[in-house]
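Being a predicted model, the structure only gives us computed values, none of them experimental. Residue numbers start from 1 in every chain, and the chains themselves are labelled A, B, ... in the order their sequence lines are given, proteins ahead of strands.
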Amino acid sequence: MKVESVRGMRDILPEETPLWQKLEAEIRAAFALYGYGEIRVPLVERVELFSRGVGEETEVVDKQMYVFPDRKGLQLSLRPEATASVVRAYVEHGLHAKGDLAKLYYLGAMFRYEKPQLGRQRQFHQYGVEAIGSLDPALDAEAMDLAWHLMERLLVRDPSSEVRDSGLFSQPTLPGQRTTDNGPRTTDHGLLLRLNSIGCREDRPVYRAALQGYFAAQVGDLCPECRRRLETNPLRILDCKEEGCRALSREAPRSVDHLCPECGQHFADVQAHLEALGLAHEFDPTLVRGLDYYTRTVFELCSRDLGAQDALLGGGRYDGLVELLGGPPTPAVGFAGGMERLAIVLSAQQGAEASGPALDLYLVPIGDEARREGTKLLSGLRRRGISVDTDYMGRSLRKAMQVAGRSARYAAILGQDELARGEIKLKNLSSGEEKPVLLPQFAADPHTFLRTVDHTETL
RNA sequence: GGGAGCGUAGCUCAGUUGGCAGAGCACCACGCUGUGGCCGUGGCGGUCGCGGGUUCAAGUCCCGUCGCUCCUCCCA
């Protein structure tokens, strides 16, 4: 019986995992630089965490969330995002009682029931940060600076390597868009920060009513989906890509015109900090995010090189979520990004980058006695820090040498002749230099003896 | 959710109006009996995604289904 993977769930094979490991390492390093500590929360939560926290009417919860009963009938969800879980953990473990800003980051699998396509799986991976406990506009700016810094260290653009022709990333250059033919850059990575403020809990009903009033008067020009949104979630209309809806959205009331004095000042302060940081940002009055918990600042970091699906990560403030989930009133800000999208961009960038042999040494045994001796030798070498492997496929000497040539920097040949003399032959596989060494001494101090076949210049 | 294209060897793909299932790469053996990269010869490898239907005959035509990809949508 052949069982295949579930739709939208894919394997990441050893060929690809080094890329993911690099991604994860860069992300962890960047987060650590900004003072964030890792939190690991469960993949499974009670349904109501997301239906209440993220919002019943959001697309993510309403249409895309995996929901199932456990054996006792408890309704559970595979997490569609992590912010709600992190906040639950923050409240559950009383982190607010420590009276300090909690800076938490996570990295891991999320689940959304979507139609799979390149860079979008049903099990996908997100990284993100949550800074819980401060309303300081400088913290909003710091989150954006962190996002920007992370992309800078990942998206080092090499003009000699063309972005892979994947459709998603081969959109035609738009008018006014810069091309990549003006040499290496150290500061401009084609990044653009889109920014808006959607106000606090008090501002929202006022703005929502203003939007409803505006769109209701022109309901005939809205797409069917947006006619529904008019009642359930009028903010989402601003996000619609239908030309008719977009035209209306351009003239629609702006959330920034419905901010209370505190929110208006906060947004001004955030922008002032961004100016001070020198981050290129663009005010986008139609930017609203898909999840209900956002308040005040919302942002997306986009790449000018990615065409229509250009958002690398998104985030903002969620000053009401901690209280909503049973904690004290606590402001917070964070962002999340998709790993798959980064993996595609990175693999395009370093596709030609050849990695060296994975092993230090490959043992080529000839005959049964040598294989027995080899078993002992391998175990000892590994305990001395030499990465080493041997043939378990019964290959001929020639084939074993072939395998050695592509998987290791050195070969060690052990046969009847060598055993009789108490020796083993070491060979530098890039220079071809070869010499016999005494077996017990080599086993005791392999690093030194491997260097004795390094005299010839390697190409 | 709506629309389109594609599923043939481990991988990349040919396969004509329906008429014996193919190539390159990879793998294995040999040339070269104990020395890799190059070259040559041979070999292994297939429920043609799956299930029905039409037909003397289906990889090819029809219906269904699963999967992937693209557009749209949503977003990360």
Side-chain angles (χ1 to χ4, degrees), chain A residues 2 4-10 13 15 54 58-64 80-83 107-128 147 165-168 170-171 223-226 228-229 236 239-243 245 287-291 300-303 306-315 335-345 357 362 364-367 370 391 393-419 425-434 459:
Chain A
K2 186 175 171 186
E4 294 179 324
S5 65
V6 174
R7 179 165 158 91
M9 316 264 170
R10 73 183 203 103
L13 301 177
E15 187 175 279
V54 175
T58 60
E59 181 122 347
V60 167
V61 168
D62 184 41
K63 297 180 184 161
Q64 301 181 335
E81 60 108 49
T83 299
L107 211 60
M110 310 291 159
F111 302 84
R112 292 184 195 174
Y113 195 87
E114 295 193 87
K115 193 182 281 193
Q117 55 183 258
L118 183 65
R120 188 166 78 185
Q121 269 75 45
R122 288 183 176 176
Q123 175 175 336
F124 62 107
H125 301 80
Q126 281 191 337
Y127 55 89
D165 184 16
S166 66
L168 183 57
S170 62
Q171 309 288 339
C223 72
E225 179 70 11
C226 284
R228 203 181 59 78
R229 286 171 176 152
R236 307 286 311 141
D239 234 7
C240 187
K241 303 296 190 296
E242 290 286 330
E243 193 41 56
C245 304
L287 177 64
V288 294
R289 302 205 46 77
L291 313 180
E300 282 180 359
L301 187 57
C302 306
S303 167
L306 292 190
Q309 288 191 341
D310 63 351
L312 292 166
L313 56 85
F335 68 78
M339 306 259 296
E340 276 76 5
R341 206 162 283 182
L342 285 180
I344 291 168
V345 176
Y362 194 89
V364 180
I366 306 161
D391 171 60
M393 303 298 288
R395 277 190 255 258
S396 66
L397 170 67
R398 182 150 48 127
K399 288 310 283 187
M401 283 302 294
Q402 227 175 71
V403 174
R406 65 165 173 265
S407 54
R409 284 160 38 225
Y410 302 94
I413 299 143
L414 190 61
Q416 289 305 313
D417 301 351
E418 289 80 10
L419 282 173
K425 258 183 203 148
L426 300 183
K427 181 165 187 169
N428 181 323
L429 287 166
S430 52
S431 68
E433 181 179 3
E434 176 179 306
L459 297 177

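We find that CZ of A:R120 is positioned 10 Å from P of B:C74, with the value rounded to whole Å. Put simply, CD on A:E15 is 13 Å from C1' on B:A26, counting in whole angstrom units. Put simply, CE on A:M110 is 11 Å from P on B:A76, counting in whole angstrom units. Between the CZ atom of A:R122 and the P atom of B:G67 there is a distance of 7 Å, rounded to whole Å. Nucleotide B:G2 holds its C1' atom 7 Å from the NZ atom of A:K115, rounded to whole Å. Computed from coordinates, the A:M9 CE to B:G67 C1' distance equals 14 Å when rounded to whole Å. Atom CD in A:E4 sits roughly 9 Å away from atom P in B:G67 (whole-Å rounding). Across the protein-nucleic acid pair, A:Q117 atom CD and B:C73 atom P stand 11 Å apart, rounded to whole Å.
Looking at the side chain of A:R289, the nearest of the listed nucleotides B:C73, B:A76, B:U69 is B:A76.
Residue A:Q402 forms a side-chain hydrogen bond (donor to acceptor under 3.5 Å, both in side chains) with just one option from A:K399, A:R406, A:R398, and that option is A:K399.
Applying the Watson-Crick and G-U wobble criteria (two distances, each under 3.5 Å), B:A21 pairs with nothing in any strand. If you check B:C28 for Watson-Crick or wobble pairing at under 3.5 angstrom, you find it paired to B:G42. When both pairing distances are held under 3.5 Å, B:C74 makes no Watson-Crick or G-U pair with any nucleotide shown. Across all strands shown, B:G5 forms a Watson-Crick or G-U wobble pair, both distances under 3.5 Å, with B:C68. When Watson-Crick and G-U wobble pairs are counted only if both distances are under 3.5 Å, B:A58 pairs with no nucleotide at all. With a cut-off of 3.5 Å on both Watson-Crick or G-U wobble distances, the partner of B:U35 is given as none.
Contact of the A:R122 side chain with the A:P116 side chain is registered, since non-hydrogen atoms from C-beta on lie closer than 4.5 Å.
Checked by distance alone, A:R112 brings a side-chain donor or acceptor within 3.5 Å of a matching partner on the base of B:A76.
Comparing the same atom, P, in B:A26 and in B:G40 gives a spacing of 11 Å after rounding to whole Å. Annotation: B:A14 and B:C74 have their P atoms spaced 35 Å apart (nearest Å). B:C50 sits 10 Å from B:G67 when the C1' atoms are compared, rounded to a whole Å. Here, B:G45 and B:C11 have their C1' atoms 13 Å apart, quoted to the whole Å. Comparing the same atom, C1', in B:U65 and in B:G7 gives a spacing of 13 Å after rounding to whole Å. Comparing the C1' positions of B:G18 and B:G37 gives a spacing of 47 Å, expressed to the nearest Å. Going from the P atom of B:G15 to that of B:C6 covers 12 Å, rounded to whole Å. The gap from the C1' atom of B:U17 to that of B:A57 amounts to 15 Å, rounded to the nearest Å.
Using a 4.0 Å heavy-atom cutoff across all strands shown, A:G367 reaches no nucleic acid atom at all. Within 4.0 Å (heavy atoms only), A:E114 reaches at least one base atom of the nucleic acid. Residue A:R228 is out of contact with every strand shown, counting any heavy-atom pair closer than 4.0 Å.
Ranked by how close their nearest RNA chain B nucleotide is to the 5' end, A:D239 and A:Y113 are led by A:Y113. Comparing A:E340 and A:S5 against RNA chain B, the residue whose closest nucleotide sits nearer the 5' end is A:S5.
Within the 3.5 Å criterion, the main-chain N or O of A:A311 finds a donor-acceptor partner in the side chain of A:R341. Side-chain N or O atoms of A:E340 include one that pairs as donor or acceptor with a backbone N or O of A:H125 at under 3.5 Å.
In this model, the phosphate group of B:G67 is approached by a side-chain N or O of A:R7 to a distance below 4.0 Å at OP1 or OP2.
With rounding to the nearest 0.5 angstrom, the CG atom of A:L313 is 10.0 Å from the CD atom of A:Q126. The CZ atom of A:R229 sits 6.0 Å away from the SG atom of A:C223 when rounded to the nearest 0.5 Å. Considering CG of A:D239 and CG of A:L287, their distance stands at 7.5 Å, rounded to 0.5 Å. The line from CG of A:L342 to OH of A:Y127 is 4.5 Å long, rounded to the nearest 0.5 Å.
Of the charged side-chain nitrogens involved, none lies within less than 4.0 Å of a carboxylate oxygen, so that A:R112 and A:E81 do not count as a salt-bridged pair.
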Which letter, B, S or -, goes with each nucleotide of nucleotides 27-42 of chain B from 5' to 3', with contact meaning a protein heavy atom under 4.0 Å? SSSBBB-BBBB-----
